[in-house]
Amino acid sequence: MVPNSDSEKKLRGKISDYLKRHGHKNPTELVRGLNSLVRGWINYYEIRGVTNTSLSKRKLRYYLSQKLFRYY
């Protein structure tokens with residue numbers, strides 16, 4: 001089992017909205033908020049021995065690196 005692509009799109013939308021709304025925060029607070037979003041999504045979809053989230057995590061890591069590079 002893998003996370004649905006719609007779920008990945010929804011998470012990317014939440015990340016984008018978060019960056020738009022909290023752009024005035026310092027980097028530490030910004031990353032703390034993003035970590036809680038990402039950690040919650042991963043914990044929801046990751047069940048050891050049942051799901052395979054490695055590809056989704058790789059895509060998410062790439063998306064976050066690109067967004068934060070452009071953000072800073």
Side-chain angles (χ1 to χ4, degrees):
M1 290 178 46
V2 295
N4 193 352
S5 62
D6 291 338
S7 174
E8 293 174 1
K9 287 179 188 177
K10 190 174 179 181
L11 177 65
R12 288 192 299 263
K14 285 183 181 181
I15 290 170
S16 181
D17 288 342
Y18 185 85
L19 288 174
K20 288 177 188 174
R21 292 182 186 183
H22 298 93
H24 61 281
K25 290 187 176 182
N26 66 17
T28 305
E29 293 177 18
L30 184 76
V31 170
R32 192 173 294 140
L34 285 174
N35 280 342
S36 68
L37 278 174
V38 172
R39 194 178 321 118
W41 187 84
I42 289 174
N43 286 339
Y44 181 80
Y45 282 103
E46 191 170 69
I47 302 171
R48 294 194 188 274
V50 176
T51 60
N52 184 9
T53 59
S54 60
L55 181 61
S56 295
K57 285 191 234 178
R58 193 175 318 134
K59 288 179 188 178
L60 180 61
R61 188 179 313 121
Y62 179 76
Y63 177 78
L64 276 172
S65 68
Q66 295 298 312
K67 278 298 244 190
L68 291 175
F69 180 77
R70 281 185 248 145
Y71 180 77
Y72 288 114

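For the atom pair OG1 (Thr53) and CD1 (Ile47), the distance works out to 10.0 Å, reported to the nearest 0.5 Å. Taking CG of Leu34 as the start and NZ of Lys67 as the end, the distance is 10.5 Å to the nearest 0.5 Å. Rounding to the nearest 0.5 angstrom, the gap separating the CG atom in Leu19 from the NZ atom in Lys25 is 11.0 Å.
Heavy atoms from other residues, nucleotides or ligands lying under 6.0 Å from CZ of Arg70 number more than 12. Crowding of Tyr44 atom OH: a count of heavy atoms from other residues, nucleotides or ligands under 6.0 Å not exceeding 12.
When all heavy atoms of Leu30 and His22 are compared, the closest pair comes out as CD1-O, 3.5 Å. The shortest heavy-atom contact between Glu46 and Thr51 is CA-OG1, 3.6 Å. Smallest separation of non-hydrogen atoms from Trp41 and Glu8: CZ2-CG, 4.0 Å. Counting all heavy atoms, side chain and backbone alike, Ser16 lies closest to Tyr63 at CB-OH, 4.0 Å. Minimum interatomic distance between Ser7 and Tyr45 (heavy atoms only, all atoms of both residues): OG-OH, 2.8 Å. Counting all heavy atoms, side chain and backbone alike, Leu37 lies closest to Lys14 at CD1-O, 4.2 Å.
The hydrophobic cluster of Val2 has no other members, since no ILVMFWY side-chain heavy atom comes under 4.5 Å of it.
Note: the hydrophobic cluster containing Leu55 does not contain Ile15 (ILVMFWY, side chain heavy atoms under 4.5 Å, direct or indirect links). Both Val38 and Tyr72 are assigned to one and the same hydrophobic cluster, defined by single-linkage of ILVMFWY side chains at heavy-atom distances under 4.5 Å. Under the 4.5 Å side-chain heavy-atom criterion for Ile, Leu, Val, Met, Phe, Trp and Tyr, Ile42 and Met1 are members of distinct hydrophobic clusters.
Side chains of Ser54 and Asn52: a donor-acceptor N/O pair is present below 3.5 angstrom, by distance only.
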